[in-house]
Amino acid sequence: MAEQLLNYVNGEWRRSAADRFLEVSNPATAEVLATVPISPVSEVDEAARLALAAFPAWRRTPATARIQQLFKLKALMEEHFEDLSRSITLENGKVLDDARGEMRRAIENVEVACGIPTMMMGDFAEDVARGVDEYMIRQPVGVAALICPFNFPGMIPFWYLPYALATGNTVIVKPSERCPITLQKAFQLLEQVGFPKGVVNLVNGGADTVNALLDHPAISAVTFVGSTPVARHIYARASANGKRVQAQGGAKNPVILLPDADVALTTSIVTDSAFGNAGQRCLAASLAITVGEADKIFVPALAEAAAARLVGNGLERGVQMGPVISPQSKARIEGLIQKGLDEGGKLVLDGRGASIAGGENGYFLRPTLLSDLPVGGTIAKTELFGPVLGMMRVDSVEEAIQLVNSGEYGNMACVFTSSGAAARKFRYEADAGNIGINIGVAAPMAFFPFSGWKNSFFGTLHAQGKHAVEFFTQTKVVVERWLGEWARKF
Ligand code: NAD
C-alpha cells in the first residue's frame, strides 16, 4: 500500500479526514509513490486559526532569535540534501543533477533570509518639523498562505517560506497535489528545527483547498506560483478578500539568436534551456527567433544537439532529460505539436512516440524541434510546458524585439550575440522581467526578485530577496514629538 501523506498542523502530523485522495506517481515508471489527501475546508480553517494563534508570540520573538531556527534549517537541509534531491526526481521526473540544483536554490533562499535583522530595518528622519522626528518600522503581516506548483516542488516553497518566517509571520504551505512528497520531507526537517507550535503548517489538497485559503479571514497574505489562468483567479479572489497577493503565472520564453552568436556555446545553452526538466520550467526557452542568416546555422545545430540528448529515468547516470509529469500532459503536448504542423510548421525533430528502454510505462517524449512557425500561430504563443522548441525567422533585431514584445507573457527573454550594442538594445527594450544575455535560464539568485511581467505575474512585489521582505511586512510610520523644558529652549 502506498504511503498516505499527512498534514502538519500546530506542530503535529495529522491524518486528513478527506474523502478524496489522489495518487502521486513516478512519471518515469508510473509506479504509485504515495496518496495525497484533498484536505477539506474544515482542515484549512483549523490550520488558519492555529497559525493565527501562534502569530503574536512568534512576532514578539526577536528577529535575531528567529533566524537561529533558519540556521538550523539550513544545516538540516544540507545534511538531507541527497534525500531531498532524490525525492524531487522520483516524484517529478527531472534528472538528479537538476534536482540537486533546485535544492541548492532552496537553501540559498534560507541563507539570504538569515540577513533579516538588517533587511527588515526601518528608516529614521530627525527634525522633520521643529522638535519632531519621524520613522518607519516594518512589522509582519500575520498568516501567509503559500500555494505551489509541481515543477519545482523542493525550491518554490522556499522562495517564500524563509522570508515569511524570518520577518515574523506564521505560514501555511499547500504543495502541488502532483508532487507533494518532497515538501513532506522538508517539513520533517522543519519539525526537527523546533519552531513553536502553529508557526509552520502544511496542508495538502487541490483547488477547493486553495479556495478555502483564499477566503479565510485569518490569512493576510497569499503567494502563488503556477499557470496563468489559476494565477489570475488567485489574484482576483484573494485581493477581493482584502489580502495582499503575489501570483506568478505561466510563460512562453523567447530567445533571439543573432548570426554573430558563439555557435557552440549558444547551441548548448539553448538546448539545455529548452529541454532541461523536459521543458517544464517557467524559464524554459520555448521559442527561438533567428535573425537573418542565423537560421541556417542554428536550425541544424540545435537539431543535432537536441537529438543527441539522452532521455530516460532521471536517477540514471548520464541521463539528460526525464519524462513529463503525467500521461495527460504528454497527450496535450503531442496534440499541440500536431497543431503546429497543421498550421504550417516544419517538423525538424519529432519526439513523439518515444520508446525508452526500461521506461515503457513512463510519460516520455523526446526533444522536438519545429521550424518556420507562422507568426501568431499556436506554438508561437502557447505555453507548451514540454520538450518542444519552436523556431521562427525574422530579418532584423528590431523585428525580433517586436515579436518578443507582442507575446502575452513576460517571464523571460534572452538574446545570444557577440554585439554589445545589440544586447543593450535588447535589454533596454524587451518587455520581460527576467532577461538573459548569452544565458538560457535567467533565474535570479535568491537576493534578486523573480521578476515576471505581463501575464506571467499578477501583483507588485515578486518572490525572493528584498521584494519578499517587503511583501511579508507592512510599514508603520511614526511621527513623534516629546515636550519638555529642554525641547522648548530650541
Ligand atoms: P497549476 O496552476 O495547475 O497549479 C498550481 C497550484 O494551483 C497547485 O497547488 C494547484 O493545487 C492549484 N490549483 C490548480 N487549479 C486550481 C484552481 N482552479 N483553483 C485554485 N487552485 C488551483 O500549475 P502547475 O501545473 O502545477 O505548474 C506549472 C505552471 O506553473 C506552468 O504554467 C509554469 O509556467 C508555472 N510556473 C511559473 C513560475 C514563475 O515563477 N512564473 C515558476 C514555476 C512554474
Side-chain angles (χ1 to χ4, degrees), residues 20 22 24 27 36-39 41 44 91-94 98 102 105-106 109 145-160 172-180 182-183 202-215 222-238 245-253 276-286 324-326 328-329 332-333 382-386 407-412 432-434 441-444 448-459 461-464 467-468:
R20 202 156 74 86
L22 298 177
V24 182
V36 62
I38 302 302
S39 302
V41 172
V44 170
E91 66 176 340
N92 172 278
K94 69 180 64 173
D98 285 348
E102 176 177 345
R105 285 288 165 117
N109 276 286
L146 321 180
I147 302 156
C148 307
F150 82 84
N151 66 331
F152 283 92
M155 174 183 75
I156 285 178
F158 287 88
W159 277 359
Y160 306 102
I172 303 171
V173 193
K174 206 298 283 174
S176 164
E177 60 275 41
R178 289 187 276 178
C179 291
T182 307
L183 195 68
L202 163 68
V203 176
N204 287 288
D208 292 345
T209 319
V210 169
N211 288 334
L213 290 165
L214 305 181
D215 293 343
V222 174
T223 72
F224 171 85
V225 180
S227 58
T228 290
V230 183
R232 196 178 264 124
H233 160 72
I234 303 277
Y235 188 70
R237 187 154 168 172
V245 193
Q246 54 167 278
Q248 313 224 164
K252 178 77 195 175
N253 303 308
N277 201 4
Q280 300 171 118
R281 278 197 287 229
C282 67
L283 295 183
S286 149
V324 294
I325 191 67
S326 65
Q328 295 78 7
S329 186
R332 181 186 54 80
I333 296 160
T382 309
E383 177 174 44
L384 297 170
F385 228 53
E408 63 167 294
Y409 297 101
N411 219 30
M412 179 186 81
N434 299 297
V441 180
F448 282 104
F450 195 104
S451 289
W453 284 14
K454 294 160 89 176
N455 281 350
S456 297
F457 184 73
F458 303 89
L461 295 164
H462 296 83
Q464 301 195 147
H467 273 216

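As the structure lists them, so they are numbered: ligands from 1, and atoms in each ligand from 1.
A donor-acceptor pair is defined here as one N or O able to donate and one able to accept, closer than 3.5 Å; such a pair exists between the side chain of Q464 and the backbone of P444. Although no hydrogens or angles enter the test, the distance criterion places a donor-acceptor pair under 3.5 Å between the side chain of N253 and the main chain of C282. Within the 3.5 Å criterion, the main-chain N or O of G205 finds a donor-acceptor partner in the side chain of K174. Between the side chain of E91 and the backbone N or O of T182, at least one donor-acceptor pair lies under 3.5 Å. Between the S39 side chain and the N204 main chain, a donor and an acceptor come within less than 3.5 Å of each other. Side-chain atoms of Q246 come within 3.5 Å of backbone atoms of A463 as a donor-acceptor pair (strictly under, hydrogens ignored). Of the possible donor and acceptor atoms, none in the side chain of S456 sits under 3.5 Å from a partner among the backbone N and O of Y409.
Here is the list of ligand 1 atoms found below 4.0 Å of a heavy atom in F224: 2 (O), 5 (C), 6 (C), 7 (O). Residue N151 has at least one heavy-atom neighbour below 4.0 Å for each of these atoms of ligand 1: 43 (C), 44 (C). Atom numbering of ligand 1 starts at 1 in the shown order; those under 4.0 Å from a heavy atom of I147 are 9 (O). Counting the atoms of ligand 1 from 1 in the order shown, those under 4.0 Å from a heavy atom of K174 are 8 (C), 9 (O), 10 (C), 11 (O). Short contacts between ligand 1 and C148, defined as distances under 4.0 Å to a heavy atom of the residue, involve ligand atoms 5 (C), 6 (C), 8 (C), 9 (O).
In this structure, atom 9 (O) of ligand 1 has protein heavy atoms in its sub-4.0 angstrom surroundings.
Taking atom 22 (C) of ligand 1 as the reference point, the nearest protein heavy-atom neighbour is V230 CG1, 3.5 Å. The nearest protein atom to atom 36 (N) of ligand 1, hydrogens excluded, is given as C282 CB, 3.6 Å; this is a heavy-atom distance. Remark: minimum distance from atom 35 (C) of ligand 1 to any protein heavy atom is reached at G226 O, 3.1 Å. Of all protein heavy atoms, the one lying nearest to atom 2 (O) of ligand 1 is S227 OG, 2.6 Å. Distance from atom 25 (O) of ligand 1 to its nearest protein heavy atom, with residue and atom name: R178 NH2, 2.6 Å. Distance from atom 27 (O) of ligand 1 to its nearest protein heavy atom, with residue and atom name: P149 CB, 3.4 Å.
Remark: K94 qualifies as a cation-pi partner of F152 under the 6.0 Å distance and 45° angle criteria applied to the six-membered ring.
Considering backbone and side-chain N/O of F150, one or more are found under 3.5 Å from N/O of ligand 1. The shortest N or O to N or O distance between A207 and ligand 1 is not under 3.5 Å. For ligand 1, the polar-atom distance check finds no N/O of T228 at less than 3.5 Å from any of the ligand's N/O atoms. Where the criterion is an N or O separation shorter than 3.5 Å, residue side chain and backbone included, W159 fails it with respect to ligand 1.
By the 4.5 Å heavy-atom criterion applied to side chains, V230 and F224 are counted as neighbours. For the pair K454/E408, no side-chain contact is recorded, criterion being any heavy-atom separation below 4.5 Å from C-beta on. Between N455 and R232 the shortest side-chain heavy-atom distance falls below 4.5 Å.
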| said: side-chain contact (heavy atoms from CB on, under 4.5 Å), that's the test. Do I234 and V210 meet it? Break it down for me. | reply: CA-CA 9 Å; I234 303 277; V210 169; 3.5 Å; yes
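Contacts between A231 and ligand 1 below 4.0 angstrom, taking non-hydrogen atoms only, are absent altogether. Contacts between T209 and ligand 1 below 4.0 angstrom, taking non-hydrogen atoms only, are absent altogether. Here F385 has side-chain heavy atoms under 4.0 Å from ligand 1, and that is the only part of it that gets that close. Using a 4.0 Å cut-off between heavy atoms, N411 contacts ligand 1 through its side chain alone, with no backbone atom that close.
Within the set H233, Q248, R237, the minimum heavy-atom distance to atom 40 (O) of ligand 1 is found for Q248. Of the candidates M412, E383, H462, R281, E383 brings a heavy atom nearest to atom 34 (O) of ligand 1. Across the listed options I156, V210, D208, V210 owns the non-hydrogen atom lying nearest to atom 20 (C) of ligand 1. With atom 37 (C) of ligand 1 as the reference point, the heavy atom nearest to it among S451, P175, G250, G249 is part of G249.
Within 6.0 Å of CZ in R20 there are 12 or fewer heavy atoms belonging to other residues, nucleotides or ligands.
By the 4.0 Å heavy-atom criterion, F450 is counted among the residues contacting ligand 1.
Of the residues listed (I333, V324, N151), the one engaging F385 in a side chain to side chain contact (heavy atoms under 4.5 Å, CB included) is N151, and it is the only one.
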